[in-house]
Amino acid sequence: MSSHTDNTPESDSESINFFDPAAAAHPQPVFERLRKQCPVGNAVPGGAVCISRYDDVLFALRHPEIFSAVMPAGLIGNVRPLIPLHVDPPEQVKYRKFLDPLFSNKNVLKMEKDVREIASNLVSRFADEDGCEFNSAFAIPYPSTVFLRLMGLPEDDLEYFLGLKNAIIRPEADSPQQEVKIRNETGQEIYAYFDKFLDKLEKSPRDDLLSLFITAEVGGERMSREEVLDICYLFLLGGLDTVTSTLGCMVSYLAQHADRRQSLLDDPALLESAIEEMLRWETPVVQVVRTLTQDHTMGGVELKKGDAVTLVLGSANTDDEQFANAQEVNFERTPNKHIAFGGGPHRCLGSHLSRMELRVALEEFHKRVPEYAIKQGETPVYSHAIREVTYLPLQFGEGQK
Amino acid sequence: MSGGGKLKVEHDSNACVGHGRCYVLAPDVFDEDERGHGVVKQASVHAELAKQARLAAENCPEDAITLRSDDDA
């Protein structure tokens with residue numbers, strides 16, 4: 001048995017650093033090396049311990065009593081834990097019992113008509129052009145507009161919210177110290193914005209999520225203002241960023257695989273399982289972080305109480321031990337027990353909303369723009385950690401194969 | 001698991017966290033509760049519904065669904 005600190009691979013001839021920007025576009029081979037060379041260990045010397053095999057990742061997700069999701073405040077500009085992400089069961093359960101029904105599959109499907117209209121309107125703006133930069137033209141405004149409408153926030157504040165979200169997730173800083181400073185200042189701005197908005201709602205509640213947050217009983221009593229703010233903070237980050245990234249990854253994949261895109265046009269019934277397969281293959285939320293509540297041995301490696309570990313969802317989802325022909329993309333794959341939305345009690349609250357948004361977006365986009373490819377001479381640009389395709393130049397039209 | 005026989009469908013609500021694969025892939029066998037967690041709609045299935053039940057069982061990320069032979073039923 002070895003300590004995890006000795007478990008760094010000796011040869012770095014082939015990088016297993018999936019934080020490397022070059023790996024962000026095609027991370028799957030890096031994940032494969034990670035699983036083979038150090039399934040539980042420091043992928044990068046001095047970095048957090050990475051857990052990369054499907055079974056180990058799923059075990060950790062299912063056992064928050066060992067692998068806790070509770071995080072110290074302050075890492076993403078927050079002064080308190082985000083609710084319900086940074087709260088473990090049993091405390092977490094009362095929040096999920098309140099929030100789950102609001103984002104259940106059934107309730108999400110009721111929003112489909114409105115969401116389709118948002119998608120259709122956005123596509124109309126560029127469908128007759130020769131092409132577009134997909135991230136700014138669609139992937140960013142689409143889920144953000146859905147989110148603002150759902151929450152009951154003013155759609156005129158879209159750019160403002162995007163600025164706040166970006167400053168937390170991808171701060172433009174010259175140094176780690178400056179990153180912390182930007183995040184903390186932005187965090188204060190987020191709390192202040194919602195606090196002021198909730199004050200107004202207290203006086204005149206409406207038929208939206210935020211009004212419900214301040215009036216509903218959770219675990220037998222109304223939530224405190226701080227609890228409501230801690231949910232809002234998480235929703236701002238989750239609601240504005242992850243669907244953008246996922247949609248970008250999917251459209252980029254389809255732009256580069258004309259035969260696959262054609263199979264969706266030929267057989268629209270294939271779309272749902274194709275989305276599942278692209279979720280598996282692309283896994284836009286590459287990793288989540290957990291902290292050990294006790295000593296625990298995994299894969300022959302002693303993890304110590306207090307250790308932070310990175311669960312590499314992207315690697316778990318491309319593990320040959322779990323998926324037949326894991327390195328092949330198969331739109332009809334079954335079984336497909338991917339964990340792109342995590343697993344265990346912290347399963348992504350927005351997974352049903354996300355699936356609906358993705359399906360509607362691809363349907364509406366393909367309706368108007370069935371043929372497209374990456375613009376000649378250009379290359380899509382991916383960010384790491386949450387794989388946003390920050391630059392996705394497309395050209396439209398027949399012959400884009 | 002026999003090919004054509006009846007199957008008994010069991011769903012472990014303690015393991016279920018609401019991925020929702022079961023009621024999407026097997027809408028005649030599973031339903032969703034208020035929280036979007038799966039619930040069994042048809043506890044004993046055969047033929048076409050058994051196919052659906054198998055699809056749900058093998059696609060549940062939490063392994064919350066168990067199918068047993070139910071030939072005595």
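In what follows, chains are A, B, ... by sequence order, proteins preceding strands, each numbered from 1.
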key: Residue-level contacts of residues 9-16 of chain B with chain A, using a heavy-atom cutoff under 4.5 Å   = none

query = Is a salt bridge present between B:E58 and A:K337, judged by a nitrogen-to-oxygen distance below 4.0 Å?
reply = no

query = Does the side chain of A:E272 come within less than 4.5 Å of B:V24's, by heavy atoms?
reply = yes

Close side-chain approach of A:D100 and B:E34, heavy atoms under 4.5 Å = no

message = As an exercise, state the distance from CG of B:D63 to CG of A:L58, rounded to the nearest 0.5 Å.
response = 7.0 Å

message = Would you compute the distance between atom CG of A:N105 and atom NE2 of B:H37 and round it to the nearest 0.5 angstrom?
response = 12.0 Å

message = If you apply the rule side chain to side chain contact (heavy atoms under 4.5 Å, CB included), what do you find for B:D33 with A:K106, and how did you get there?
response = CA-CA 9 Å; B:D33 69 8; A:K106 251 180 212 156; over 6 Å; no

inquiry  = Please classify the contact between A:R355 and chain B as side chain, backbone, both or neither, with a heavy-atom cut-off of under 4.5 Å.
reply    = side chain

inquiry  = Check whether A:H352 reaches the backbone of B:G18 with its side chain - one donor and one acceptor, N or O, closer than 3.5 Å.
reply    = yes

task = For the pair A:R347 (side chain) and B:V17 (backbone), establish whether a donor and an acceptor sit closer than 3.5 Å, ignoring hydrogens and angles.
result = yes

ask   = What's the spacing between A:N336 CG and B:N59 CG if we round to 0.5 Å?
value = 6.5 Å

inquiry  = Are there over 12 heavy-atom neighbours, none belonging to B:K8, within less than 6.0 Å of that residue's NZ?
reply    = no

key: Contacting region of A:H338 [heavy-atom separation from chain B under 4.5 Å]   = backbone

query = Can you find a pair of side-chain heavy atoms, one from A:S104 and one from B:E32, that are under 4.5 Å apart?
reply = yes

query = Can a salt bridge be assigned to the pair B:E62 and A:R62 using a cut-off of 4.0 Å between side-chain N and carboxylate O?
reply = yes

task = Using a cut-off of 6.0 Å, state whether more than 12 heavy atoms not belonging to A:E332 lie near its atom CD.
result = no

